[in-house]
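A short write-up of the structure that comes next.
Quick caveat: nothing in here was measured; it's all calculated off a predicted structure.
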Amino acid sequence: DKYRSDRVYLACQDDKIASCVHSVPYKFNLLGHVVKSSYTTAGATLPEYRGQGVYFELFDYCLNQMANQNITLTTLIVQDDYLFDYYDKLGYSSIFRKSYTDLHPSNIDVKIEAFDIDQVYAYYKSHLLSESFISIQSKGDLITILKFLSLYDGVIFVAYDSNKNIVAIAFVSQDGEKILVQELICDNETAKKNIINQICSKYGVDAVTISSSSTDMYSKAYGMARVLRLREFLDIYATKYNTLNLTISVTDSIISANSGTYTIRNGNCSYSEDINEPISINKVMPLLVYEIDSQCGIKINPAISLMLE
């Protein structure tokens, strides 16, 4: 259902497809509220139509269609660094960042065990729902991801406690001699050590590289997000942080309904069409994600979980 043909947007010129982009639906955990989101991918333009604004115009149309479908926000993963500036002009913000850490095995014996996919997904989903700003994968998505990992000599590792409850999972891929843990979820440090030992034992290495989401502005940006329905987005913030006092004027050159002034106070969000000293739509999400803790003492850690790139 995610990959239906009507989710692909096309720009046609001279009786052929000049440009395309795919809008893939996902649920998104926004501060404990599950909202509709879209992961935009497979964007491309034929060489002879590049530099003419064809893709930009198509993406403009795509964003408005998504907003009209009551999709709250959209995300994407950037393949080349120069594209950050391009999507910035379309209202996206670079809020998804990664850091990398090398970990070594410890002196505890482990064994690699088979796993039940239903049990794994239940543990994985509970993690997604416990976060504050993260995409939510379905069980079908997880199965697809595991198949994709296998193409790159990847695998999932699972650690259990004495009662056979899952206490850690790791999604691992191999790139040459490098072993990359794309995502690690664990209950405690012992479970973490257990699963690192499993991975090192399996691949015969003395260290693995762990990828984890980061709020450090100096860490590597890899993904972007854009608000499609700003009032709905801010309503959720107002409900979650009833001590937050914030007034912002916003302009959105693509989705005009987002332009206006928003005031969050006493758990409510009000709107006015008047605009005074506005910020552009691509500045809203960094403001809320990175500066919200200054007023509310909350640290938000944005993540796109296991998205096929």
- prompt: When you check the gap from the basic side-chain N to the acidic O, do Asp141 and Lys27 get nearer than 4.0 Å?
  reply: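 Salt bridge: no.
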message: Do the side chains of Arg231 and Asp235 get close enough for a salt bridge, i.e. N-O under 4.0 angstrom?
response: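 Salt bridge flag = yes for Asp235 with Arg231.
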Minimum heavy-atom separation for [X] and [Y], please, with both atom names.
| X | Y | value |
| --- | --- | --- |
| Pro105 | Ala207 | CD-N, 4.4 Å |
| Ala238 | Cys269 | CB-N, 4.0 Å |
| Asn245 | Asn266 | OD1-N, 4.2 Å |
| Ile95 | Ala225 | CD1-CB, 3.9 Å |
| Ser19 | Ala44 | OG-O, 2.9 Å |
| Ala170 | Leu184 | CB-CD1, 3.9 Å |

Is the backbone N or O of [Y] less than 3.5 Å from a side-chain atom of [X], with the two atoms forming a donor-acceptor pair by type?
| X | Y | value |
| --- | --- | --- |
| Asp252 | Ile254 | yes |
| Asp116 | Asp118 | yes |
| Ser249 | Asn276 | yes |
| Tyr92 | Thr74 | no |
| Ser201 | Gln198 | no |
| His104 | Asp206 | yes |
| Ser272 | Asp274 | yes |
| Ser280 | Thr251 | no |
| Tyr121 | Gln137 | yes |

[X] and [Y]: same hydrophobic cluster, using ILVMFWY side-chain contacts below 4.5 Å?
| X | Y | value |
| --- | --- | --- |
| Val54 | Ile17 | no |
| Val227 | Ile77 | yes |
| Ile199 | Val167 | no |
| Tyr87 | Phe56 | yes |
| Leu10 | Tyr49 | no |

Other residues, nucleotides, ligands: >12 heavy atoms within 6.0 Å of Glu57 CD: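 Counting other residues, nucleotides and ligands, CD of Glu57 stays at 12 neighbours or fewer.
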message: Can you confirm whether more than 12 heavy atoms, excluding those of Tyr61, are under 6.0 Å from its OH atom?
response: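 Result for OH/Tyr61: open.
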task: Evaluate side-chain contact (heavy atoms from CB on, under 4.5 Å) for Leu31 paired with Ile300, printing each intermediate quantity in order.
output: CA-CA 9 Å; Leu31 305 179; Ile300 299 172; 3.9 Å; yes
- request: Go through Phe233 and Tyr262 one step at a time and tell me if the ring pair (Phe, Tyr, Trp, His ring centres under 6.0 Å) criterion holds.
  value: CA-CA 11 Å; Phe233 191 88; Tyr262 300 82; over 10 Å; no
Sole residue of Ile136, Leu73, Leu30 in side chain to side chain contact (heavy atoms under 4.5 Å, CB included) with Ser37: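 Filter result, single survivor: Leu73.
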message: So if I apply the side chain to side chain contact (heavy atoms under 4.5 Å, CB included) rule between Leu103 and each of Val181, Thr209, Ile196, which one comes out positive?
response: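 Of the listed residues Val181, Thr209, Ile196, the side chain to side chain contact (heavy atoms under 4.5 Å, CB included) partner of Leu103 is Ile196.
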Could you check whether any side-chain heavy atom of [X] comes within less than 4.5 Å of a side-chain heavy atom of [Y], counting everything from C-beta outward?
| X | Y | value |
| --- | --- | --- |
| Leu149 | Val172 | no |
| Thr41 | Gln79 | no |
| Leu230 | Tyr271 | no |
| Ile166 | Val158 | yes |
| Thr215 | Pro302 | yes |

Side-chain donor-acceptor pair under 3.5 Å between [X] and [Y], yes or no?
| X | Y | result |
| --- | --- | --- |
| Tyr124 | Ser305 | yes |
| Asp60 | Asn64 | yes |
| Ser219 | Ser99 | no |
| Asp187 | Tyr123 | yes |

query: Between Tyr86 and Tyr82, does a ring pair (Phe, Tyr, Trp, His ring centres under 6.0 Å) hold up when you go through it step by step?
result: CA-CA 7 Å; Tyr86 184 88; Tyr82 76 91; 8.3 Å; no
Atom pair [atom1] ([X]) and [atom2] ([Y]), whose distance is rounded to the nearest 0.5 Å:
| X | Y | atom1 | atom2 | result |
| --- | --- | --- | --- | --- |
| Leu129 | His127 | CG | NE2 | 10.0 Å |
| Ser214 | Asn301 | OG | CG | 7.0 Å |
| Arg265 | Leu246 | CZ | CG | 9.0 Å |
| Thr40 | Arg226 | OG1 | CZ | 10.5 Å |
| Leu288 | Ile264 | CG | CD1 | 6.5 Å |
| Leu76 | Phe96 | CG | CZ | 9.0 Å |

- prompt: Taking the six-membered ring of Tyr160, is the NZ or CZ of Lys164 close enough (under 6.0 Å from the centre) and on axis enough (within 45°)?
  reply: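 Yes, a cation-pi geometry holds between Lys164 and Tyr160.
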Axial cation check for Tyr222 ring with Lys98, 6.0 Å and 45° limits: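 Checked: cation-pi criterion met.
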field: Option from Glu232, Arg229, His33, Lys36 for which side-chain hydrogen bond (donor to acceptor under 3.5 Å, both in side chains) with Thr72 holds
entry: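 It is Glu232; the other options fail the test.
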- prompt: Given the rule in the ring pair (Phe, Tyr, Trp, His ring centres under 6.0 Å) test, do Phe115 and Phe157 qualify, once you have shown the distances and angles that lead to the verdict?
  reply: CA-CA 8 Å; Phe115 61 85; Phe157 290 83; 9.5 Å; no
